[in-house]
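Everything below concerns the one structure shown next.
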2 protein chains.
Amino acid sequence: MSSEELAAWGQTTAAQVRKDLSHFGSFGKRGLGYQAGELCESLRTLLGIDRSWKVALVGAGRIGLALYEYPAFRSRGYDCVAIFDSDPEKIGTAWGDQSICSLDVFEKVMEERGVELVILAIPADAAQEVASRAVEAGVNGILNFAPIRLNVPAEVPVEDVNLVMELEALSFQIKQRKQDV
Amino acid sequence: MSSEELAAWGQTTAAQVRKDLSHFGSFGKRGLGYQAGELCESLRTLLGIDRSWKVALVGAGRIGLALYEYPAFRSRGYDCVAIFDSDPEKIGTAWGDQSICSLDVFEKVMEERGVELVILAIPADAAQEVASRAVEAGVNGILNFAPIRLNVPAEVPVEDVNLVMELEALSFQIKQRKQDV
DNA sequence: CTTACTTTGTGCATGTTGTCTCAACGATGT
DNA sequence: ACATCGTTGAGACAACATGCACAAAGTAAG
């Protein structure tokens with residue numbers, strides 16, 4: 001596969017593809033292109049997705065459920081090993097093979113099950129506290145759905161997903177294009 | 001509120017705040033700073049979020065449900081005026097005040113209800129077809145949760161949300177920091 | 001009115017990112 | 001063996017974003 005083909009596939013330019021890849025090493029053969037299978041494998045290793053990760057889900061609401069049932073998660077190596085919620089009615093009930101735990105036992109469960117990643121699917125006002133506790137418990141990274149900027153040490157990466165902001169970005173783009181016309 | 005305060009709030013620098021705002025006009029007063037309320041209002045207008053948008057939800061699965069029930073949506077002016085699904089068992093049943101429609105009447109409903117934005121919460125293999133039909137029906141923008149790159153004309157903005165990629169980005173960052181140490 | 005103080009908006013320097021171009025290199029065919 | 005073709009990897013260059021510094025402008029106080 002040539003950089004040209006890869007570029008078409010990824011909506012970019014051939015030069016960009018080559019330059020990006022060259023940051024990590026030399027994967028292609030001149031005159032031939034890149035061997036797709038090998039390249040994939042190398043990239044998986046580089047990105048750290050050539051293994052499975054142990055994930056805890058905090059928040060057993062609608063978003064939590066959607067994530068938990070999302071098949072692509074498990075198939076890409078993200079194993080949900082714990083679910084937490086603060087609602088006493090939910091604690092003890094089970095989703096699939098996981099029973100929902102109280103936040104009272106957060107630290108204990110996190111350590112016992114060797115959780116590496118935490119997904120925060122809880123309201124904004126509870127997110128910071130849980131995030132801090134997760135960092136304290138030695139979590140490696142946080143995927144945050146709450147609409148606030150978490151205050152955590154720089155060593156702990158945070159990825160934010162803000163659904164309303166995605167819609168607002170759309171609104172802005174639409175407005176822009178209408179004005180251009 | 002000074003640019004300094006705004007910067008602290010938004011995790012950036014005062015100069016950055018001023019420069020970004022200056023792209024859109026002159027909002028502050030020298031010696032005084034920015035008047036928060038006025039600034040918010042101006043930005044809302046600039047971003048096109050000073051009005052409400054009519055949204056159709058395609059896909060009445062877990063993710064669709066999570067979005068539909070997400071209170072921040074409605075409160076920010078995104079009104080869900082239609083829900084579509086291909087599952088015959090779901091068609092006709094209701095969520096809240098919306099009854100789920102068949103994709104057979106997609107074009108008709110889209111026009112009747114004046115849908116402006118479409119949210120695709122369906123599997124990847126169905127997403128392209130619905131996207132094309134939505135464009136044909138004159139939609140203004142698409143929020144896409146399916147893990148594929150939609151092929152649509154440049155006039156129609158698309159925002160992609162790929163949850164697995166977010167986790168993979170986390171994995172990469174974690175790997176990077178571990179190597180640095 | 002004048003002076004001291006605060007804060008914006010912008011020109012300038014610097015660093016980062018994307019694009020273009022081309023020599024180096026491997027494969028293929030004569 | 002040799003020339004030709006296709007493609008990479010890297011250096012040069014242009015575009016863009018970021019950070020700094022300061023004049024302009026407004027406030028407040030004597």
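Proteins get letters first, then strands, A, B, ... in listed order; numbering begins at 1 in each.
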Open item on the list: Among D:dT18, C:dT19, C:dT8, which nucleotide has an atom closest to any side-chain atom of B:Arg18?
Closed with: C:dT8
- [ ] For the side chain of A:Arg30, starting at C-beta, report the closest nucleotide among C:dT19, D:dT8, D:dT18.
- [x] D:dT8
TODO: Check the pair B:Gln128 / B:Ser132 against side-chain hydrogen bond (donor to acceptor under 3.5 Å, both in side chains), numbers first and verdict last.
DONE: CA-CA 6 Å; B:Gln128 179 61 62; B:Ser132 299; 3.1 Å; yes
Open item on the list: So, taking the atom named CD in B:Glu159 and the one named CD in A:Gln173, what distance separates them when rounded to the nearest 0.5 Å?
Closed with: 5.0 Å
- [ ] Round to the nearest Å and state the distance from A:Leu32 atom CG to D:dG6 atom C1'.
- [x] 9 Å
TODO: Give the rounded distance in Å between these two atoms: CD of A:Glu4 and P of C:dT21.
DONE: 14 Å
Open item on the list: When you measure from the centre of the six-membered ring of B:Tyr68, is the NZ or CZ of B:Arg74 closer than 6.0 Å and no more than 45° off the axis?
Closed with: yes
Open item on the list: Please confirm whether the shortest side-chain N or O distance from A:Thr13 to OP1 or OP2 of C:dT19 is below 4.0 Å.
Closed with: yes
Task: Candidates C:dC20, C:dG11, C:dT8 - which lies nearest the side chain of B:Lys19 - done: C:dG11
Task: Whole angstrom value for the distance that separates P of D:dT8 from CG of A:Leu21 - done: 10 Å
Task: Of the listed nucleotides C:dT10, D:dT8, D:dA23, the one nearest the side chain of B:Ser22 - done: C:dT10
Open item on the list: Rounding to an integer number of Å, can you tell me how far B:Asp20 CG sits from C:dT8 C1'?
Closed with: 14 Å
TODO: Return the value, rounded to whole Å, for the distance between atom CD of A:Gln11 and atom P of C:dT19.
DONE: 13 Å
